[in-house]
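Read through the structure below, which is laid out as structure tokens, and then see the notes.
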Amino acid sequence: NSFDQLFKECERSPVYHIEGVKIQFAEAMCLRMKELGISNRELASKMSINLGHLTKVLNGNSKFDLDFLVRIAMALGCEINISLTPLKKD
């Protein structure tokens with residue numbers, strides 16, 4: 001019961017949702033990289049960035065902005081689609 005309360009409290013935090021979006025993007029990115037058969041090194045090269053920086057972002061150890069997400073998507077031959085979904089009510 002206390003775990004459920006704690007989890008519901010976490011769900012109300014912006015940090016919880018930010019991390020969820022990061023995970024969704026990373027999963028989509030990894031799937032696309034697999035489809036294209038390219039490595040992290042190749043992606044970093046396509047983006048003209050340091051492999052270490054890309055690795056930090058992929059591991060969740062670095063903040064990044066929307067510009068960086070778009071650069072990743074474009075390097076993977078994709079575009080980003082954003083939608084808003086109403087939050088679940090308790």
Side-chain angles (χ1 to χ4, degrees):
N1 192 17
S2 64
F3 178 78
D4 289 338
Q5 290 171 334
L6 180 62
F7 188 73
K8 285 180 183 180
E9 196 175 304
C10 287
E11 285 183 309
R12 289 190 288 271
S13 166
V15 174
Y16 172 86
H17 293 279
I18 291 166
E19 293 303 316
V21 170
K22 287 181 185 179
I23 291 168
Q24 287 177 3
F25 186 81
E27 287 175 345
M29 189 179 104
C30 289
L31 179 62
R32 180 63 177 162
M33 289 173 68
K34 192 176 227 181
E35 288 171 356
L36 296 174
I38 66 171
S39 67
N40 291 358
R41 184 177 303 280
E42 290 169 305
L43 179 58
S45 177
K46 281 183 166 212
M47 294 177 65
S48 300
I49 63 169
N50 180 296
L51 175 61
H53 178 63
L54 180 62
T55 301
K56 282 183 182 179
V57 169
L58 294 176
N59 291 336
N61 297 326
S62 178
K63 290 189 178 200
F64 52 89
D65 57 18
L66 191 55
D67 294 349
F68 193 75
L69 295 182
V70 170
R71 289 179 60 207
I72 290 172
M74 291 181 71
L76 294 172
C78 297
E79 63 183 8
I80 294 176
N81 296 302
I82 298 173
S83 64
L84 297 176
T85 305
L87 293 171
K88 297 175 187 172
K89 300 278 182 175
D90 288 341

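Side-chain atoms are counted along with the backbone in the values below, which use heavy atoms only and exclude waters and symmetry mates.
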ILVMFWY cluster, I82 and M74 together (side-chain gap under 4.5 Å): yes

Sub-4.5 Å side-chain heavy-atom contact between E35 and L76: no

Shared hydrophobic cluster, V15 / V21 (ILVMFWY, side-chain heavy atoms < 4.5 Å): no

Any side-chain heavy-atom pair of L69 and M29 under 4.5 Å: no

Pairwise side-chain contact, L87 with E11, heavy-atom cut-off 4.5 Å (strictly under): no

Residue pair R32 / G77: nearest heavy atoms and the distance that separates them: NH2-O, 4.0 Å

In one Ile/Leu/Val/Met/Phe/Trp/Tyr side-chain cluster, 4.5 Å: V70, M33: yes

CG on L36 to CG on L43, rounded to 0.5 Å: 9.5 Å

Can you give each donor-acceptor pair under 3.5 Å made by side-chain atoms of residues 45-58, sequence neighbours left out, with the distance rounded to 0.1 Å?
from, atom 1, to, atom 2, distance (Å)
N50, OD1, G52, N, 2.5
N50, OD1, H53, N, 3.4
T55, OG1, L51, O, 2.9

Shared hydrophobic cluster for F25 and I18 (ILVMFWY, side-chain gaps under 4.5 Å): no

Contact check, side chains of F68 and R71, non-hydrogen atoms, under 4.5 Å: yes

Check: E42 side chain, S39 main-chain N or O, donor-acceptor pair, under 3.5 Å: yes

